[in-house]
Amino acid sequence: KAGVTQTPRYLIKTRGQQVTLSCSPISGHRSVSWYQQTPGQGLQFLFEYFSETQRNKGNFPGRFSGRQFSNSRSEMNVSTLELGDSALYLCASSLGSADTQYFGPGTRLTVL
Amino acid sequence: AQTVTQSQPEMSVQEAETVTLSCTYDTSESDYYLFWYKQPPSRQMILVIRQEAYKQQNATENRFSVNFQKAAKSFSLKISDSQLGDAAMYFCAYRSIRGAQKLVFGQGTRLTINP
């Protein structure tokens, strides 16, 4: 089976812009979670989607949002980008909410 | 809220030797999952091992094994016969057995393998 894929792999934006990141889970996986990784804050949970519904959300401002489509693919959106949003954004998928998560390669976002 | 602490920012070991990475966690829950993930320079997070808190037996996966001490809230990872490919950041993570998927990660331990 193909693993979790994330597009794009690298992205450069300027402050104030918005960005959309995409994640395609492993075939058959219905849960998709997003994490932000920065040198200062480490790995932090953003949100989880299961069957197109957001099940849990981390402590991030409303500028961070996401959605999941009927084929389980997920997107996350960050509006009004700030310099501090520069990070590696990781997506993880699992069969269900009780199962082990498998991660994608990440999207490296740089905000200038 | 649950927290995970990895007190060793960096560790190094000679190739073929054994190394143990430490992890402690804090939770008021009795059932949960614990994980070790590895992140090599490619940045892809790779699952190393998983432990269910209700299982007393320590999980083992080839050269990787854990020492799970539930009362002490300790979850260390032992890597036997270290190989150059084991060099990576290692993250300990906690997940509640209830509710949605949310991994709480430790700060990570950078493992260097000396040839």
Side-chain angles (χ1 to χ4, degrees), chain A residues 2-6 9-10 23 25-26 29-60 66 68 72 74 87-110, chain B residues 1-10 21 23-27 29 31-55 59 61 64 66 75 88-110:
Chain A
V4 179
T5 58
Q6 292 186 245
R9 294 292 310 279
Y10 301 92
C23 172
I26 293 170
H29 284 195
R30 295 171 64 192
S31 172
V32 174
S33 299
W34 290 88
Y35 295 85
Q36 181 196 65
Q37 185 176 23
T38 60
Q41 300 297 317
L43 283 148
Q44 293 185 287
F45 172 80
L46 279 156
F47 29 63
E48 183 214 357
Y49 286 87
F50 181 81
S51 293
E52 301 178 66
T53 301
Q54 187 181 88
R55 286 172 53 90
N56 200 2
K57 190 177 192 314
N59 189 24
F60 280 83
Q68 187 179 34
S72 293
S74 177
L88 180 68
Y89 290 89
L90 294 165
C91 165
S93 78
S94 63
L95 271 171
S97 281
D99 299 294
T100 298
Q101 294 177 62
Y102 296 91
F103 285 80
T107 294
R108 168 77 65 188
L109 171 65
T110 302
Chain B
Q2 295 85 15
T3 58
V4 177
T5 302
Q6 294 177 250
S7 58
Q8 305 153 315
E10 296 185 358
L21 308 184
C23 172
T24 58
Y25 58 94
D26 187 31
T27 183
E29 299 178 325
D31 286 326
Y32 44 86
Y33 301 102
L34 295 166
F35 303 85
W36 280 97
Y37 281 92
K38 155 185 175 179
Q39 188 176 42
S42 68
R43 308 299 282 174
Q44 173 108 36
M45 293 283 277
I46 300 165
L47 175 68
V48 175
I49 204 162
R50 161 181 160 144
Q51 174 81 43
E52 290 88 351
Y54 61 86
K55 289 187 179 178
E61 200 69 47
F64 299 87
V66 298
F75 183 61
M89 281 290 287
Y90 284 80
F91 291 95
C92 178
Y94 171 103
R95 202 191 88 208
S96 173
I97 205 165
R98 294 192 307 269
Q101 289 271 15
K102 175 186 172 181
L103 288 169
V104 177
F105 286 93
Q107 307 93 312
T109 296
R110 182 174 302 281

Open item on the list: Is B/L103 in contact with chain A via its backbone, its side chain, both, or neither, using a 4.5 Å heavy-atom distance?
Closed with: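 For B/L103, backbone and side chain are both near chain A.
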Open item on the list: Counting only non-hydrogen atoms closer than 4.5 Å, does B/R43 touch chain A with its backbone (N, CA, C, O), its side chain (CB onward), both, or neither?
Closed with: both
Let me know if [X] has heavy atoms under 4.5 Å from chain B in its side chain, its backbone, both or neither.
X     : answer
A/Y35 : side chain
A/S33 : side chain
A/L88 : side chain

TODO: Determine the option with the most heavy-atom pairs under 4.5 angstrom with chain B, choosing from A/G3, A/G106, A/G42, A/G104.
DONE: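 Among the listed options, the one with the most contacts to chain B is A/G104.
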Task: is_close_aromatic(B/Y37, B/Y90), centroid dist under 6.0 Å - done: no
TODO: Assess the pair A/F45 and A/F47: is the distance between their ring centroids shorter than 6.0 Å?
DONE: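 No - the distance between ring centres of A/F45 and A/F47 does not fall below the 6.0 Å cut-off.
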Task: A/S93 backbone acceptor or donor facing A/S31 side chain under 3.5 Å - done: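 Judged by distance alone, no pair lies under 3.5 Å.
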- [ ] Output yes when a side-chain donor or acceptor of B/Q44 lies under 3.5 Å from a complementary backbone atom of A/F103, and no otherwise.
- [x]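 Yes; at least one donor-acceptor contact below 3.5 Å.
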Task: Polar side chain donor-acceptor pair, A/Q37 to B/Q39, under 3.5 angstrom - done: yes
